[in-house]
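Below is one structure, written out as structure tokens; comments come after it.
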Amino acid sequence: MQPFPGARPDRTGESDAAFSVVGAPLETSTTFQPGARFGPRRVRQFSETFDDYDRRTGRRFSELSVTDRGDVRAWDDAAESLEWLEGELTDVVRSGGLPLLIGGEHTVSLAGARATDPDVFVALDAHLDLREAYDGNPLSHACVTRRVIEEVADEAVIVGARTGSEAEWERAEEGDVTVVTPGEVADWEPDVEGSVYLSVDIDAADPAFAPGTGTMEPFGLEPTAMRDAVRAVAPRAVGFDVVEVNDRDDGQAGALAGKLLREFVFAAAARE
């Protein structure tokens, strides 16, 4: 496997890099279009053509101390897979690095949040993901935001959400959840206190821009709106992921995911 372009391979896990890419090809609860297990590979592959130099910041991605630890093996037991993944990400945090997680289904964000222990969970997502369980499974990708605020974070901000069950919308009205609809994103500025974990479900984008995802939802965000949100949150983030990319397009979702990861790193590095 080739590392994320511009990142140094780190198979030993002994690096003291500022940022560490970790692939998490978990796919146990996909409910529509499968293929999220190919997400880490697709994101790396369709990021290969990006220039190393970033004109906005005047910096080169390859000079920002980014390593790629490869993929963490996933199997059909979600709870055990998440526990193993949490351990790998905790190693990154303990070495002083910021984890850059590439999914895999959105459930992997729970491992990222557990490892980084943020105060606030910010998710770019078409869906609320606030179900108590889906088809009897509390570790479904459709439940991840609810699990995070039950187990780890004090609050959640869901940016770009435009669909959910009646029960989810009722849960979203409680004080620990803020929903920023697609029409509100242009004027949104993150007003949160404490540390933040930033999760990007690629289906936050309108399907016209990222058709390679499990559960497409029209009337979504344009890539520039997602970019601006990532840039705004990155300086206060302790962890990042991009999830739900699959292999059912010509690379649009993978390219967007890879570009957003790079935008996160450039913006986070600027705080130093």
Side-chain angles (χ1 to χ4, degrees), residues 24 30-33 35-36 39 42-43 46-47 100-110 112-113 120-131 140-146 148-149 153 156-165 168-169 172 177-190 192 196-234 237 239-246 248-249 251-264 267:
T30 298
T31 47
F32 187 46
Q33 295 194 117
R42 298 281 284 188
V43 174
F46 288 99
S47 299
L100 306 170
L101 182 60
I102 305 176
E105 66 175 63
H106 206 170
T107 310
V108 302
S109 299
L110 180 56
V120 183
F121 181 68
V122 176
L124 276 61
D125 201 334
H127 308 87
L128 294 173
D129 288 352
L130 289 171
R131 296 173 188 265
S140 166
H141 66 94
C143 310
V144 64
T145 298
R146 183 153 183 165
V148 170
I149 53 178
V157 181
I158 311 169
V159 180
R162 49 197 183 272
T163 189
S165 68
E168 285 181 283
W169 283 111
V177 177
T178 300
V179 177
V180 183
T181 65
E184 299 169 328
V185 170
D187 297 323
W188 176 71
E189 295 183 3
V192 296
V196 176
Y197 184 94
L198 175 58
S199 175
V200 176
D201 186 329
I202 206 66
D203 69 23
D206 189 272
F209 301 107
T213 191
T215 311
M216 293 182 286
E217 186 69 30
F219 311 132
L221 302 180
E222 294 186 359
T224 50
M226 298 176 71
R227 177 203 65 192
D228 292 346
V230 167
R231 287 177 178 173
V233 176
F240 171 84
D241 69 53
V242 59
V243 298
E244 295 288 345
V245 171
N246 66 25
R248 291 174 172 256
D249 66 3
Q252 298 96 315
L256 177 57
K259 198 70 171 180
L260 292 173
L261 185 152
R262 284 168 49 96
E263 289 290 338
F264 175 88

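Just so you know, these numbers use all the heavy atoms, side chains as well, and skip hydrogens, waters and symmetry mates. Count residues from 1 along the sequence.
- Side chain of Ser140 to backbone of Cys143: no donor-acceptor contact under 3.5 angstrom is found.
- Closest of all the heavy-atom pairs between Pro182 and Gly160 is CG-O, 3.6 Å.
- Between the Glu244 side chain and the Ala36 main chain, no donor and acceptor come within less than 3.5 Å of each other.
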Take Phe264 and Val242 through the test side-chain contact (heavy atoms from CB on, under 4.5 Å) and record every step on the way to the result. CA-CA 10 Å; Phe264 175 88; Val242 59; over 6 Å; no
Under the side-chain contact (heavy atoms from CB on, under 4.5 Å) rule, what do Val144 and Val108 come out as? Steps first, then yes or no, please. CA-CA 8 Å; Val144 64; Val108 302; over 6 Å; no
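- For the pair Ile158 and Asp129, the minimum side-chain heavy-atom distance is 4.5 Å or more.
- The shortest non-hydrogen separation linking Arg162 to Gly220 is CZ-CA, 3.2 Å.
- Residues Leu260 and Met226 come closest through the heavy atom pair CD1-CE, 3.8 Å.
- With a 4.5 Å cut-off on side-chain heavy atoms, Phe240 and Val233 do not count as touching.
- For Asp241, the side-chain hydrogen bond (donor to acceptor under 3.5 Å, both in side chains) partners at least two apart in sequence or on another chain are Ser109, Tyr197, Ser199.
- By the neighbour-count criterion of 12 heavy atoms within 6.0 Å, atom CD of Gln33 is densely surrounded, having more than that number from other residues, nucleotides or ligands.
- In this structure, Asn246 contributes its side chain and Thr213 its backbone to a donor-acceptor pair below 3.5 Å.
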Intermediate values then yes/no, side chain to side chain donor-acceptor pair (under 3.5 Å), Asp125 and His106: CA-CA 10 Å; Asp125 201 334; His106 206 170; 3.3 Å; yes
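- Inter-residue side-chain proximity for Arg227 and Lys259 is flagged as unmet; no heavy-atom pair is nearer than 4.5 Å.
- The minimum heavy-atom distance between Ala229 and Leu124, with the atom names listed, is CB-CD2, 4.2 Å.
- Of the candidates Pro207, Pro211, Pro223, Pro211 is the only one forming a side-chain contact (heavy atoms from CB on, under 4.5 Å) with Gln252.
- For Leu256 against Ala210, the heavy-atom pair with the smallest separation is CD2-CB, 4.3 Å.
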Pair Asp228-Val185, side-chain contact (heavy atoms from CB on, under 4.5 Å): steps then yes or no: CA-CA 9 Å; Asp228 292 346; Val185 170; over 6 Å; no
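- Contact annotation: the side chain of Asp249 approaches that of Arg42 to within less than 4.5 Å [non-hydrogen atoms, C-beta and beyond].
- Shown here for Val179 and Ala172, the closest heavy-atom pair between the two residues is CG2-CB, 3.9 Å.
- A heavy-atom distance below 4.5 Å is not found between the side chains of His141 and Asp201.
- A 4.5 Å side-chain heavy-atom check between Leu128 and Thr145 finds every atom pair outside the cut-off.
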